[in-house]
Amino acid sequence: MLEEVERWLSRRSWSVTDRPLDRLTAAKRASGTTVSVVLPALDEERTVGEIVAEIRRELIEKVPLVDELVVVDSGSRDRTAEVARAAGARVVRRDDVLPRVPAVPGKGEVLWRSLLVTHGDVIAFVDADLKEFSADFVTGIVGPLLTEPDVHFVKAMYDRPMTVLDDDTGAPGADASSATAGQGGRVTELMARPLLNMHWPQLAGFVQPLGGEYAARRSLLERLPFPVGYGVELGLLVDALHTVGLDALAQVDVGVRKHRHQDGQALGRMAASIYRTAQLRLARGHLVRPELTQFVRGASGFEPRTYPVDTEERPPMAEIEEYAARRVA
């Protein structure tokens, strides 16, 4: 590990307990900083309500830390929007935001559009599939942005136990408590961490570089391109490093993250998207739109399934006419 990264770890890695709520609310009040929390959601009716309710109860009603709580629904076919709204979030449909630009599938697409429907000086992103959610996830990632003026981007770090029998399967007797400590984040360990250590060693100190819980100043996010798919976390982290430098980045330990795990083939598609995001940042020449072929066993043997790999990226929001017009207004 680079000496620069070792110094960074000692200066820019904290625990959520380092900043009590009263300190955060005082810092927020003194600076006049506003905070938005965004949940990108697709078919998350089973978990989104509890997350929204926890944030509203602990960080809006009990203490005035969060000013705006928005769920951006990217086309759910279940009751995600209804559940989120009932729990106290403002729900926005992805396709209603910037309709002149046709939406494409992908998490990054939703996060990019969320800049147009939020107003906070600080924006915190939280995945909508978390289980046993704690408001610490929000206070942890927002805290340094309220108390450290030279910090611009904060990632959450946590343990990610991998559930062996996930209760989302609905299987009789499924045991959601049977988990392997530290085995979540397989794409991180097999793809993202080797890529970062080899090509961006300044980012080798991030414990969860692909984690979906992070916060940043709007003034930074609006200057960054957003990969439309699963590569968004890696892309934003790398581009933030090049835009504001390592010392403006930080991470906060918020404990344990539990969520729904995806199967191996879904992880393969995720890894391909992340690798392509890294490749785009390593060489900006002529690019071929890639595909990934995987195999599933069918009635007559193994059958190929080919998927496109996300390569499209949205430009910095500061370049979008509607965003600029809103700021002037």
Task: Qualifying residues under ring pair (Phe, Tyr, Trp, His ring centres under 6.0 Å), relative to Y214, sequence neighbours excluded - done: F125, F153

TODO: Please name all residues satisfying side-chain contact (heavy atoms from CB on, under 4.5 Å) with L42, sequence neighbours left out, ordered by chain then number.
DONE: S74, S76

TODO: Evaluate the side-chain contact (heavy atoms from CB on, under 4.5 Å) criterion for residues R326 and H119: first the C-alpha distance (whole Å), next the side-chain angles of each, then the deciding distance (0.1 Å), finally the verdict.
DONE: CA-CA 10 Å; R326 190 192 74 166; H119 298 84; 3.8 Å; yes

- [ ] For T118, check side chain to side chain donor-acceptor pair (under 3.5 Å) against everything at least two apart and list the hits.
- [x] R218

Open item on the list: Is the shortest side-chain heavy-atom distance between R7 and L246 below 4.5 Å?
Closed with: no

- [ ] Could you please spell out the steps behind the side chain to side chain donor-acceptor pair (under 3.5 Å) verdict for R19 and T147?
- [x] CA-CA 9 Å; R19 293 175 176 82; T147 62; 2.8 Å; yes

Task: Full working for side chain to side chain donor-acceptor pair (under 3.5 Å) between D253 and S15 - done: CA-CA 5 Å; D253 186 351; S15 166; 5.6 Å; no

- [ ] Answer yes if V187 and M157 sit in the same cluster of Ile, Leu, Val, Met, Phe, Trp and Tyr residues linked by side chain heavy atoms under 4.5 Å apart, and no otherwise.
- [x] no

Open item on the list: Run T139 and E58 through side-chain contact (heavy atoms from CB on, under 4.5 Å) and show every step you take.
Closed with: CA-CA 10 Å; T139 58; E58 299 297 326; over 6 Å; no

Task: Partners meeting ring pair (Phe, Tyr, Trp, His ring centres under 6.0 Å) with W8 (sequence neighbours left out) - done: F206

Open item on the list: Running the 4.5 Å side-chain criterion over Ile, Leu, Val, Met, Phe, Trp and Tyr, what cluster does V104 land in, apart from itself?
Closed with: V228

TODO: Please check if Y275 and L190 belong to a single hydrophobic cluster, counting links between Ile, Leu, Val, Met, Phe, Trp and Tyr side chain heavy atoms closer than 4.5 Å.
DONE: no

Open item on the list: My understanding is that only residues two or more places apart in sequence, or in another chain, count here; which of them pass salt bridge (charged side-chain N to carboxylate O under 4.0 Å, His left out) with E68?
Closed with: R90

Task: Minimum side-chain heavy-atom gap V101-R113 below 4.5 Å - done: yes

TODO: Measure across P144 and G140 and return the closest heavy-atom pair with its distance rounded to 0.1 Å.
DONE: CD-O, 3.2 Å

Open item on the list: For A215 versus V122, what's the shortest heavy-atom pair and its separation?
Closed with: CB-CG1, 4.4 Å

- [ ] State, to 0.1 Å, how close T277 and G231 come at their nearest heavy-atom pair, and which atoms those are.
- [x] OG1-CA, 3.3 Å

Open item on the list: Hydrophobic cluster membership, with links at side-chain heavy-atom distances under 4.5 Å among I/L/V/M/F/W/Y: are V142 and L59 in one?
Closed with: yes

- [ ] Kindly write out the residues that satisfy side-chain contact (heavy atoms from CB on, under 4.5 Å) with V256, not counting sequence neighbours, or none if the list is empty.
- [x] D159, P161, K258

Task: Worked check of side-chain contact (heavy atoms from CB on, under 4.5 Å) between W200 and L282 - done: CA-CA 10 Å; W200 296 281; L282 291 169; 3.8 Å; yes

Open item on the list: Restricting to non-hydrogen atoms, name the atom on I141 and the atom on V154 that form the minimum distance, rounded to 0.1 Å.
Closed with: O-CB, 3.4 Å

Task: Which atom of E313 lies closest to which atom of P225, heavy atoms considered - done: OE1-CB, 3.8 Å

Task: Distance (rounded to the nearest 0.5 Å) between D73 CG and T80 OG1 - done: 6.0 Å

Task: R281/D239 ion pair, N-O < 4.0 Å - done: yes

Task: Contacts of type side chain to side chain donor-acceptor pair (under 3.5 Å), residue E213, not counting sequence neighbours - done: Y158, R257

TODO: Can you sort out the partners of R94 under salt bridge (charged side-chain N to carboxylate O under 4.0 Å, His left out), two or more places apart, ordered by chain and number?
DONE: none

Open item on the list: Among residues at least two apart in sequence or on other chains, which ones pass salt bridge (charged side-chain N to carboxylate O under 4.0 Å, His left out) with K155?
Closed with: none

TODO: With sequence neighbours excluded, tell me which residues meet salt bridge (charged side-chain N to carboxylate O under 4.0 Å, His left out) with R23.
DONE: none

- [ ] Could you pull out all residues at least two apart from S10 that satisfy side chain to side chain donor-acceptor pair (under 3.5 Å)?
- [x] none

Open item on the list: Same cluster or not: V207 versus L195, using hydrophobic residues (I, L, V, M, F, W, Y) connected whenever any side-chain heavy atoms lie under 4.5 Å apart?
Closed with: no

Task: Taking every non-hydrogen atom, the tightest pair across S36 and G120 - done: OG-N, 2.9 Å

- [ ] Answer whether the closest heavy-atom distance between the side chains of E54 and V138 falls below 4.5 Å.
- [x] no

